[in-house]
There are 2 protein chains.
Amino acid sequence: MNHTQQPPPADLPAIDWFRHPALRPDLDSRAAAAAHQAQLTKPAGSLGRLEALALRLAALQGRPRPRVEQVQIAVFAADHGVAAAGVSAFPQAVTAQMLLNMAKGGAAISVLARHLDADLDLVDLGLATPAPTHLAIRSTPIAPGSANLAQGPALTMAQLQQALGAGHAAVLRARAAETDLFIGGEMGIGNSTAATALACALLDQPAAALTGPGTGLDAAGVARKRAVIEQALALHRNGLGDPMAALARLGGLEIAALAGAYITCARSGLPALVDGFISSAAALAAVRLCPGAGDWLLLSHASAEPGHRAMVTALAAVGTEAPLLDLGMRLGEGSGAAMALPLLRLACALHNEMATFTSAGVAAADADA
Amino acid sequence: MNHTQQPPPADLPAIDWFRHPALRPDLDSRAAAAAHQAQLTKPAGSLGRLEALALRLAALQGRPRPRVEQVQIAVFAADHGVAAAGVSAFPQAVTAQMLLNMAKGGAAISVLARHLDADLDLVDLGLATPAPTHLAIRSTPIAPGSANLAQGPALTMAQLQQALGAGHAAVLRARAAETDLFIGGEMGIGNSTAATALACALLDQPAAALTGPGTGLDAAGVARKRAVIEQALALHRNGLGDPMAALARLGGLEIAALAGAYITCARSGLPALVDGFISSAAALAAVRLCPGAGDWLLLSHASAEPGHRAMVTALAAVGTEAPLLDLGMRLGEGSGAAMALPLLRLACALHNEMATFTSAGVAAADADA
């Protein structure tokens, strides 16, 4: 019995549903987990962050013995009008090509999901090129990509509501599959530009502070990208005070879907493991919209994208778990979160399966040591 | 066909066998792996250290498609005479109790080995209390623990040879099981004192620079431990110039076995994933004894024990892979290495199973980006 979980609405929520507070973690389950953990046959604290992770998952899942067996990875794909400004090292057709590659099992996230026995939920939210057809792709296009954020709002408020709802629906599917942990991923040529612009707005930072090479721009490309973001921030400067407006003006369909998914997790009681730079921008929007959502988010890794550090700091300030890995990854797709998944699983296994001092007949630490 | 691997001698090697150079990694396999990696459907470099890990394993395993399926975790248990000086938070009987706990499946390393489908090879090298009897424990005692290193040499040279040989024999067993990767672990109340003293000798550092709380000493306990190590360094000061002598005077049976195992890996062509503080002290001895051994070692994690940082720096200088995880762990048993194992496995899976740009019909990066 998990008393913290509540079913979210089954229909497309009104946009203001995403502004309501998150559930509170279950401190009774956490306390029971801590009492159990203190009896395990190891020096107190010697498993480091694995111990804190087990307690956190206990509080989030509302059970003293947390588990991360059933995992759903939802990857949201969408195109970005800003790609026309030459902000990516890859042509825009790659969004659709990579979505098909994911469906066929050849992308990084496909390989990882297979090896981790996680369900992969591929969602096409709107591509600028002909959409791939494959049984494994859920085709629910909202628009043929977002509009160019340097020339106007990326999304209308109606598109934003649909994109938030697409994230909400993915979490409904995850809950129906009795998922223990939600992972979001994304694919969208140009989306590091949108994520950077959104983060600049939410963190009140200039473009120069957060712009990086994304998938592999050279110095001239980074300069061009920074100029595009500066242009967008100037264009929208009077419309960024509300995080919902910032998400519409500077985000994208898949970024909004990730934010909607995180908020739905936080409002219905499901922990979410956050991937890298793009996902963290969505997480920033989520915690600004939904008070308390930070409790439900765990950062999986520190991205190689330089602007990620500022996002991590801001998310940590609202209770998000600090990154678990720092491997210089910058791929997206949910791949960094997938890499961190075994750490959570093994943290639970240790918590649940280690012997206690009493059961194993092992002496505890000397009282006078 | 793995041309870099060579069978080590089947009998107990003479002590000087451990001073001979390591094999060289196979650069042809590395180059073939790099050519393959460049074709995978991801931006170049976007998998960060996972890419470098796959290439390193390719070079060490002598195959362009590395794998880390079969894994052997050898845990060496031994007692330490220096425990009489009150340098641990736990009574000495815990060494034997925890070895039995490992055999029964209740220790952290038991849980991890089970979930990771790794073989666990438990080796009793000499306990001060009655040895536990269990089918899963290989009982090959060399002495009832080492002598008190603060009062004389911890090991005789004959004991050292036997302990190095026990590590050698464990790697022979791993090779017979067609192991892809060797992990060493240890259990021994008092062994962070021995490891610290040995590291001080090998790194030419004072006790104050490297001494920490181990399994959980309070400030008074750390001060007592530091004084014991200072006493030992003073006593042996004229006998520490040769790393073999330092290992005998300040090490311990399980520390020497780990050093012997790492050297046997390096001399026979098997990569080894190194655990934390105690294992790194053994690794330091190994790289000082066996030129080139650092190439064959991968550090799994940064230990919470403060002196580990200096060891990591010294090992990195001879080519050892930098720590993959930094989770504040300080348990030993091989548990940190076990936690990092999924990273290696997934790095290999990505390298071996991702689609190429050509096979997936995905456009590569723009040439002019």
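Only heavy atoms go into these numbers, but all of them, side chains included; no hydrogens, no water, no symmetry mates. Labels below follow one simple rule: chain letters A, B, ... track the order of the sequence lines, proteins then strands, and each chain is numbered from 1.
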So, the part of B:Arg345 with a heavy atom under 4.5 Å from chain A: the answer is neither
Distance col, row B:Leu327:CG vs A:Glu51:CD, nearest 0.5 angstrom, shows 11.5 Å
Closest heavy-atom pair, B:Phe90 versus A:Ala365, reported as atoms and distance to 0.1 Å, is CE2-N, 3.3 Å
Okay, B:Leu325 and chain A: the region with an atom under 4.5 Å from a heavy atom over there is side chain
On a heavy-atom basis, the closest approach of A:Ala363 and B:Val94 is O-CG2, 3.5 Å
- prompt: Does the salt bridge (charged side-chain N to carboxylate O under 4.0 Å, His left out) test come out yes or no for B:Glu333 and A:Lys42, once each step is laid out?
  reply: CA-CA 10 Å; B:Glu333 303 181 2; A:Lys42 58 174 185 54; over 6 Å; no
Heavy-atom closest pair (A:Ala44 atom, B:Arg330 atom, distance to 0.1 Å) is O-NH2, 2.9 Å
Heavy atoms of B:Ala349 and A:Val111 approach each other most closely as O-CG1, 3.5 Å
Cut-off 4.5 Å, heavy atoms of chain A, and the answer for B:Ala304 is neither
Scanning both residues in full, the closest heavy-atom pair of B:Leu116 with A:Leu346 reads CD2-CD1, 4.2 Å
Bottom line for B:Ala93: the part with an atom under 4.5 Å from chain A's heavy atoms is neither
Output for pair (B:Leu350 CG, A:Leu112 CG), nearest 0.5 Å, gives 4.5 Å
Counting heavy-atom pairs under 4.5 Å with chain A, the top scorer among B:Gly86, B:Gly328, B:Ser303 is B:Gly328
Hey, is the main chain of A:Ala360 close enough, under 3.5 Å, to the side chain of B:Gln97 for a donor-acceptor pair?
no
Between the OG atom in A:Ser359 and the CG atom in B:Asn101, the distance rounded to the nearest 0.5 Å is 7.0 Å
Residue from B:Ser46, B:Gly106, B:Gly48 scoring the most non-hydrogen pairs under 4.5 Å with chain A is B:Ser46
If one checks every heavy atom of B:Ala96 against chain A at 4.5 Å, the contacting part turns out to be neither
